[in-house]
Trainee: 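My questions will all concern the structure given below.
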Amino acid sequence: MTEAQNFEASRQEKLHRLEQLGLDPWGQRFDGHMPLGEILRLPITHVEDQRPKVRAAGRVVARRKQGKIYFVDLWDWTIPTRVNKQGQERRALQVAISQKDVGETGWHIADNLDLGDLLGVDGSYGETRRGEPTIFAEKLTYLTKSLQPHPDKWGGMQDMEFRLRHRYLDLIYTPEVLERSLKRIKIVRRIRSYLEERGYVEVETPTLHAIAGGAAARPFTTHHNALDIDLYLRIALELHLKRLLVGGIEKVYEIGRVFRNEGISPKHNPEFTMLELYQAYGNYETMMELTEGMIVACIDALGGERILPYADRTIDFTPPFDRRTYPALFQQCVGTAIEDRAGVVAAVNVIGLTTHNIDHDVLVHKLFEIKVEPYLETLDRPVFVHDYPAGLCPLTKRKAGMPHIAERFELYVHGMELANAYTELNDPVTQEATFRQQLAGLPEEESMAKMDEDFVRALRHGMPPAGGLGIGIDRLVMLLTNTQTIRDVILFPLLRPEK
RNA sequence: GGAGGCGUAGCUCAGCGGUAGAGCAACGGACUUUUAAUCCGUAGGUCGUGGGUUCGAGCCCCACCGCCUUCACCA
């Protein structure tokens with residue numbers, strides 16, 4: 001008999017014992033239970049018959065027996081981490097099950113409990129002699145049997161693979177996982193309320209695209225059988241949202257999943273959540289103001305400081321964020337002006353990269369990535385980097401009187417690109433030309449210039465001048481919750497299937 | 001895709017050429033306010049998979065699988 005069978009046999013046997021007693025090991029509707037976190041906030045009385053009556057439900061995470069009394073630790077998702085009067089950290093509320101109080105059936109239930117079972121309790125709430133908050137059980141209700149042994153109550157779950165493949169256990173036994181997930185929900189909720197307060201409306205656009213446009217990324221491909229056409233999973237939300245601008249929806253956003261068929265890393269999951277929004281008659285300055293306000297609102301919604309820890313440093317999100325132009329940063333870190341063609345080529349050659357047949361703006365950006373981004377990583381405040389080389393931004397309007405500069409910014413925090421915004425290009429003639437002109441030196445999948453005839457046709461009907469913004473929600477959550485890997489802000493990150 | 005590291009009981013981990021170990025969990029027993037309860041007893045393993053070296057392999061070598069880290073690509 002193997003170990004697993006042994007565990008299961010023991011639990012199966014208890015299950016059958018419950019059934020023989022006429023008890024349902026899989027539970028029934030159990031109305032009106034109070035969250036354990038709320039029970040813990042009830043006032044304590046030391047007069048036994050004045051204790052408040054409570055009904056509770058939760059997961060059995062520890063069990064101690066002392067003669068004719070069991071102590072069972074109950075967990076639910078509202079339990080805070082607290083320090084008890086013995087100075088110990090606790091993440092559960094204990095239930096005292098005394099043989100004289102719960103009757104024969106209750107005692108049978110207590111005898112057949114396993115760690116991981118779900119238990120309903122009716123009783124009174126008070127303290128033991130040692131001052132530990134306790135539900136003194138009067139009636140027990142079996143809510144669900146766990147047939148599978150749960151992780152060690154003290155060692156917890158250490159193995160990353162085990163945690164990811166058993167996220168449901170990770171939520172229970174690794175406190176930060178639930179905490180971060182709830183923070184993510186708060187952040188997303190605050191983004192929605194912030195935008196709704198300002199008159200933006202949320203829409204849903206297609207995930208299946210005939211042309212994967214709006215970003216530079218390799219798409220996933222799929223196939224529709226009835227139409228017999230290949231389709232792509234979207235890599236961006238942009239082109240549909242802009243069609244909605246043409247349609248008169250002046251302030252529009254979508255928070256949605258996008259899919260990029262690229263490598264996986266602590267900062268990259270194949271599917272991730274993007275916020276994109278567009279505002280008619282705005283520009284990238286409008287977006288800068290909005291971005292700053294929205295991020296600060298999210299931080300405030302988490303209820304803490306505006307100076308947040310991240311890894312071994314801190315980030316000071318106190319507004320206003322710093323603003324630096326791309327050309328100025330380039331000059332500072334590379335020592336050359338971005339227009340200085342000879343200087344840029346020389347600087348690239350020094351690094352040992354080829355410059356042959358590669359567009360000037362692409363070279364500039366290679367230098368930016370190598371020289372400027374490391375500098376940005378050293379900053380402990382968010383910084384808006386704005387006014388990008390036009391060649392990098394085929395969907396962006398040029399700065400007035402400066403045809404080589406695009407009205408675009410990226411918000412860098414610790415070197416991470418958190419937000420990306422533009423004054424959107426609404427000139428269909430320029431747009432079509434940009435689509436047709438493949439940037440020299442870039443493979444097709446790296447170029448944002450993918451021809452979408454239908455999109456150009458939409459522009460020809462007149463898209464208002466507009467500001468547009470994109471924010472990677474996962475990375476925002478990482479920064480605001482001090483999380484170093486994207487897999488810990490996504491409940492179910494992609495894993496290779498077992499076996 | 002490249003380079004490193006890791007994979008031993010349900011969980012957390014020791015063991016690194018010579019009889020497979022501990023804590024928690026489990027099973028049997030004692031104990032009516034415990035606090036990682038304690039005490040007595042019991043059981044639990046194809047050491048990721050497959051080859052090889054060796055008198056002898058969790059341990060050394062090779063391949064494969066999975067995860068982690070890092071680089072490349074990208075957000």
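Per chain, numbering begins at 1; letters A, B, ... match sequence-line order. Because the structure is predicted, anything quoted here is derived from the model rather than measured.
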Trainee: Using only side-chain N and O atoms of Arg496(A), determine if any of them is under 4.0 Å from OP1 or OP2 of C65(B).
Mentor: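 It does not, given that no N or O in the side chain of Arg496(A) lies less than 4.0 Å from OP1 or OP2 of C65(B).
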
Trainee: Taking atom C1' in both C62(B) and A57(B), compute the distance separating them and give it to the nearest angstrom.
Mentor: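 The answer is 15 Å between these two C1' atoms.
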
Trainee: Ignoring the backbone of Arg218(A), work out which of U69(B), C73(B), C67(B) is nearest its side chain.
Mentor: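 For the Arg218(A) side chain, the nearest candidate turns out to be C73(B).
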
Trainee: Syn if the chi torsion is within 90° of 0, anti otherwise; quick check, which is G5(B)?
Mentor: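 With its glycosidic angle more than 90° from zero, G5(B) counts as anti.
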
Trainee: If you look at every strand shown and take non-hydrogen atoms under 4.0 Å, does Asn269(A) touch a base, only sugar-phosphate, or nothing?
Mentor: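 Result for Asn269(A) = base.
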
Trainee: If you compare every side-chain N and O of Arg130(A) against the phosphate oxygens of U33(B) (OP1, OP2), does one of them come in below 4.0 Å?
Mentor: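 No, no such contact exists.
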
Trainee: What does Gly472(A) touch in the nucleic acid at a heavy-atom separation under 4.0 angstrom: a base, only the sugar-phosphate, or nothing?
Mentor: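 Touches nothing.
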
Trainee: Could you work out the separation of U54(B) and C16(B) based on their P atoms and round it to a whole Å?
Mentor: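 Here U54(B) and C16(B) have their P atoms 24 Å from each other.
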
Trainee: Mind checking the P distance from U53(B) to G58(B)? Whole angstroms is fine.
Mentor: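 Roughly 15 Å separates the two P atoms.
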
Trainee: Quick check on U32(B): is either OP1 or OP2 less than 4.0 Å from any side-chain nitrogen or oxygen of Ser98(A)?
Mentor: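 No.
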
Trainee: Tell me: CD of Glu262(A) to C1' of G1(B), nearest whole Å?
Mentor: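 It is 13 Å, rounded to the nearest whole Å.
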
Trainee: To the nearest Å, give me how far apart CZ (Arg64(A)) and P (U38(B)) are.
Mentor: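 In whole Å, U38(B) P lies 11 Å from Arg64(A) CZ.
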
Trainee: Rounded to the Å, how far apart are Glu161(A) CD and U69(B) C1'?
Mentor: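 That distance rounds to 15 Å.
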
Trainee: Are any of the side-chain nitrogens in Lys53(A) or Asp122(A) under 4.0 Å away from the carboxylate oxygens of its partner?
Mentor: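 Salt bridge flag = no for Asp122(A) with Lys53(A).
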
Trainee: Give me the distance, rounded to whole Å, that separates G17(B) from G56(B) when you measure between the C1' atoms they each carry.
Mentor: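 My reading of the C1' atoms in G17(B) and G56(B) gives 8 Å.
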
Trainee: Let me have the donor-acceptor pairs involving side chains of residues 45-52 of chain A, under 3.5 Å, with sequence neighbours excluded, atom names and distances please.
Mentor:
residue  : atom : partner  : partner atom : Å
Thr45(A) : OG1  : Val47(A) : N            : 3.1

Trainee: What nucleotide among U69(B), U35(B), A26(B) has an atom nearest to a side-chain atom of Asn84(A)?
Mentor: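 Comparing U69(B), U35(B), A26(B) against the side chain of Asn84(A), the answer is U35(B).
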
Trainee: Taking the basic N atoms (NZ, or NE/NH1/NH2) and the acidic carboxylate oxygens, is any pair closer than 4.0 Å for Arg91(A) and Glu89(A)?
Mentor: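 No, no charged N to carboxylate O under 4.0 Å.
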
Trainee: Expressed in whole Å, how much space separates the C1' atoms belonging to U12(B) and G52(B)?
Mentor: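 33 Å, rounded to whole Å.
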
Trainee: Measure CD1/Ile97(A) against C1'/C31(B) and give the value in whole Å, please.
Mentor: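 Answer to the nearest Å: 17 Å.
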
Trainee: Using the C1' atom on both, measure C40(B) against G48(B) and round to a whole Å.
Mentor: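 The same atom, C1', in both gives a distance of 38 Å.
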
Trainee: When you compare the protein's N or O atoms with those of nucleotides 11-13 of chain B, which come within less than 3.5 Å of each other, and at what distance?
Mentor:
residue : atom : partner   : partner atom : Å
C11(B)  : O2'  : Asp152(A) : N            : 3.2
C11(B)  : O2'  : Gly156(A) : O            : 2.9
U12(B)  : OP1  : Gln158(A) : N            : 3.1
U12(B)  : OP1  : Asp159(A) : N            : 3.2

Trainee: Once you apply the 3.5 Å cut-off to both distances, tell me the Watson-Crick or G-U wobble partner of G7(B), or none.
Mentor: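 Per the H-bond distance test, C65(B).
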
Trainee: With a 3.5 Å cut-off and heavy atoms only, can you find an N or O donor on one side and an acceptor on the other between the side chain of Thr134(A) and the base of U33(B)?
Mentor: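 No pair found.
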
Trainee: Report the distance from atom CD of Glu373(A) to atom C1' of A72(B), rounded to the nearest whole Å.
Mentor: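 Computing the Glu373(A):CD to A72(B):C1' distance gives 15 Å.
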
Trainee: With sequence neighbours left out, write down each residue that passes ring pair (Phe, Tyr, Trp, His ring centres under 6.0 Å) with Trp107(A), or none if nothing qualifies.
Mentor: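 Counting only residues at least two positions away or on another chain, Trp107(A) forms a ring pair (Phe, Tyr, Trp, His ring centres under 6.0 Å) with Tyr70(A).
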
Trainee: Which value, in whole Å, describes the distance between the C1' atoms of nucleotides U46(B) and C31(B)?
Mentor: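 Between the two C1' atoms, the distance is 42 Å.
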
Trainee: Specify the separation, in whole Å, of atom CZ of Phe272(A) and atom C1' of C73(B).
Mentor: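 Roughly 13 Å, once rounded to whole Å.
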
Trainee: Sequence neighbours left out, what pairs pass salt bridge (charged side-chain N to carboxylate O under 4.0 Å, His left out) with at least one residue falling in residues 62-73 of chain A?
Mentor: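 For residues 62-73 of chain A: Arg64(A)-Asp73(A), Asp73(A)-Arg90(A).
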
Trainee: Specify the separation, in whole Å, of atom CZ of Arg90(A) and atom C1' of A37(B).
Mentor: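 In whole Å, A37(B) C1' lies 12 Å from Arg90(A) CZ.
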
Trainee: Taking only residues two or more places apart in sequence, or in another chain, which ones meet Phe384(A) in a ring pair (Phe, Tyr, Trp, His ring centres under 6.0 Å)?
Mentor: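 Expected list: Phe321(A), Phe409(A).
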
Trainee: Please determine whether a side-chain nitrogen or oxygen atom of Lys14(A) lies at a distance below 4.0 Å from atom OP1 or OP2 of C27(B).
Mentor: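 Yes, such a contact exists.
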
Trainee: Would you classify Leu418(A) as touching base, sugar-phosphate or nothing, given that sugar-phosphate means primed atoms plus P, OP1 and OP2, and contacts are heavy atoms under 4.0 Å?
Mentor: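 Here Leu418(A) touches no strand at all.
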
Trainee: Applying the Watson-Crick and G-U wobble criteria at under 3.5 Å, what pairs with A43(B)? Answer none if nothing qualifies.
Mentor: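 Base-paired to nothing in any strand shown.
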
Trainee: Who does A20(B) pair with, Watson-Crick or G-U, both distances under 3.5 Å?
Mentor: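 Partner of A20(B): none.
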
Trainee: Measuring from Arg59(A):CZ to Leu119(A):CG, what's the distance to the nearest 0.5 Å?
Mentor: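 The distance works out to 11.5 Å.
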
Trainee: Using a strict threshold of under 4.0 Å (side-chain N to carboxylate O), is an ion pair present between Arg167(A) and Asp488(A)?
Mentor: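 A salt bridge is present here (some side-chain N lies under 4.0 Å from a carboxylate O).
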
Trainee: What are the residues of residues 66-76 of chain A, sorted by number, that bring a heavy atom to within less than 4.0 Å of RNA chain B?
Mentor: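 Here the set is Gln66(A), Gly67(A), Lys68(A), Ile69(A), Phe71(A).
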
Trainee: Test of understanding: with ring pair (Phe, Tyr, Trp, His ring centres under 6.0 Å), list the residues that count as partners of Phe368(A), not counting sequence neighbours.
Mentor: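 Only Tyr326(A), His365(A) meet the ring pair (Phe, Tyr, Trp, His ring centres under 6.0 Å) criterion with Phe368(A).
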
Trainee: Looking at U33(B), which nucleotide sits across from it as a Watson-Crick or G-U wobble partner, both distances under 3.5 angstrom, or is there none?
Mentor: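 WC or wobble partner does not exist here.
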
Trainee: Using a heavy-atom cut-off of 4.0 Å across all strands, would you classify Glu417(A) as base, sugar-phosphate, or nothing?
Mentor: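 Sugar-phosphate, backbone atoms only, no base.
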
Trainee: Who pairs with Tyr284(A) by ring pair (Phe, Tyr, Trp, His ring centres under 6.0 Å), at least two apart in sequence or on another chain?
Mentor: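 Per chain and number, Tyr284(A) pairs via ring pair (Phe, Tyr, Trp, His ring centres under 6.0 Å) with no residue.
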
Trainee: By side-chain contact (heavy atoms from CB on, under 4.5 Å), which residues pair with His209(A), not counting sequence neighbours?
Mentor: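 side-chain contact (heavy atoms from CB on, under 4.5 Å) check on His209(A) returns Pro206(A), Arg234(A), His240(A).
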
Trainee: Taking the C1' atom of each, how far is G2(B) from U8(B), in whole Å?
Mentor: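 The same atom, C1', in both gives a distance of 30 Å.
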
Trainee: Return the 5'-most residue of the pair Glu271(A), Leu115(A) with respect to RNA chain B, ranking by each residue's nearest nucleotide.
Mentor: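 Here Leu115(A) is the residue nearer the 5' end.
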
Trainee: Measure from the side-chain heavy atoms of Arg165(A) and tell me the nearest of G66(B), U32(B), U69(B).
Mentor: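 Per side-chain heavy atoms of Arg165(A), the pick is G66(B).
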
Trainee: Whole Å only: how far is the CG atom of Leu147(A) from the C1' atom of G10(B)?
Mentor: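 Whole-Å distance recorded here is 14 Å.
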
Trainee: CH2 of Trp26(A) to CG of Leu118(A): how many Å apart, nearest 0.5 Å?
Mentor: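 If I round to the nearest 0.5 Å, the distance is 10.0 Å.
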
